[in-house]
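The block underneath contains the structure these notes are about, expressed in structure tokens.
These values consider heavy atoms only, across backbone and side chains, with no hydrogens, waters or symmetry-generated copies.
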Amino acid sequence: MASHTQEVTLIGVCDGQLDSKRYQSSYLINKAGGPPDWLPGISPQSPRCGRCGAPLAHVVQVYCPLEASPYHRNLHLFACPGAECSGRADSWRVLRSQCLEAEASRTPSRPDPAQEAPLAATDWCDTADDWGMEDEEDWGGGVKKEIQKEAAAPEAQAACETDVSSQLQDLSLGERQENVPVLRSFFISVVEESDLLGEEDDLRHAQRLLREYERREGVTVGELDGGEGRGGGEEKYEKTKARHGDAIFSRFMKKISLCPQQILRYCRGGKPLFISEPPSNMAQVVSACGCCGGSRTFELQLMPALVSLLQQGGGGVEVELEFGTVLVYTCTNSCWTTGSKSAVEEFCFVQTDPDQQLFK
């Protein structure tokens, strides 16, 4: 278990289908697919592909308020399902939206208790799927010690609105009647990566005891199977390393071997897990916040296991959306102007998968 002063990485995994006939989704839920659930007061937006101009599909919604912040906070990731646009950074968009908790409480938006999504597998937060509020009772200690800052002076906000307007000029507001692709929706459950490390230690201890028993009794019982990605993780890693000869890709594979089914990694202010060699000028590639002009910090990334889960809602047809990893960088200050109705566009960096078949 990591200490309170260390960065804690949270792992997101698929946790069952979110059936709209049984559960009413809300902005407080972490989910993949489905339509986005916008915060109260935020104008619905339909981002378009920067390459082909087609409406983007909603891929992931993350509820991630910051510690000691008075704001609800969401991140929405969108991508173009067109085969020609797959793996291109300009076919992805990430939008951040916020609203004061006090304002949200005056605008009922949560589902009725009878309709609310069950928290059996995601009851690690008192009232919601929550990536950012890390009290000791919820996440085992202060994962982050960030305090969100208020937006700057009015003239800065004017510049922000102008910049956001230019960046989001291809966003169509309220065009629900358009044929916007909707992906099958499912809940995202969360565990701490350090907990997985503890399970791995337990497995190795059990295997050591098993080998001692075999030597003592002169029998062969066989290796304990730690489940998918456990016992064979190291072997796959070694084969992958030999085949690719790529230290970065090998490190990526070894890191996710503890939980190959992970679809999302969250560690605001932490270090991303690259799947291939990043640009040498990565710090310059990540642009400054278009709203306040401040720096951006890494917050989360989508993982290859998500690819096979992305299917068109209803028809069950797999969409042409492939990637190695999608890294999201957000404003370090998480700048926001109280009362704003427009989401802020953040930065995403897309890396293609060197060997997509490993995750099929």
* Can you name the nearest heavy-atom pair linking Trp336 to Arg96, along with the distance? -> CZ3-O, 3.8 Å

* **Whether Gln301 side chain and Pro272 backbone form a donor-acceptor pair below 3.5 Å** => no

* Asked: So His72 and Tyr63, would you call those rings parallel, tilted or perpendicular, with 30° and 60° as cut-offs?
  -> tilted

* Asked: Mind checking whether Trp38 and His76 have parallel, tilted or perpendicular rings, split at 30° and 60°?
  -> tilted

* Is the closest basic N to carboxylate O distance between Glu346 and Arg73 below 4.0 Å? -> no

* Asked: So, Tyr71 versus Thr338: side-chain donor-acceptor pair below 3.5 Å or not?
  -> yes

* **Gln351 side chain to Ile275 backbone, donor-acceptor under 3.5 Å** => yes

* Under 3.5 Å side-chain donor-acceptor pair for Thr297 and Arg268 -> no

* Heavy atoms, side chains only, cut-off 4.5 Å: are Ser25 and Leu18 in contact? -> yes

* To do: Look only at the side chain of Ser91 and the backbone of Arg88, and say whether a donor-acceptor pair between them is shorter than 3.5 Å.
  => yes

* Donor-acceptor pair between Tyr266 and Glu299 side chains, under 3.5 angstrom -> yes

* Asked: So, for Thr325 and Leu327, which heavy atoms are closest and what is the spacing to 0.1 Å?
  -> CG2-CD1, 3.7 Å

* Asked: Is the backbone of Gly33 close enough, under 3.5 Å, to the side chain of Arg184 for a donor and an acceptor to pair up by distance?
  -> no

* To do: Would you give the length of the straight line joining atom CZ of Phe187 to atom OH of Tyr23, rounded to the nearest 0.5 angstrom?
  => 6.0 Å

* Mark yes or no for whether Thr352, through its side chain, and Gly324, through its backbone, hold a donor-acceptor pair below 3.5 Å. => no

* Asked: Is the backbone N or O of Val62 less than 3.5 Å from a side-chain atom of Asn30, with the two atoms forming a donor-acceptor pair by type?
  -> no

* side-chain contact (heavy atoms from CB on, under 4.5 Å) partner of Cys267, the single match among Val8, Thr9, Leu300 -> Thr9

* For a side-chain contact (heavy atoms from CB on, under 4.5 Å) with Gln262, tell me which candidate from Leu10, Val191, Ile256 qualifies. => Ile256

* Is the backbone N or O of Lys21 less than 3.5 Å from a side-chain atom of Asp19, with the two atoms forming a donor-acceptor pair by type? -> yes

* Judged by modelled atom types alone, do Ser86 and Glu322 share a side-chain donor-acceptor pair under 3.5 Å? -> no

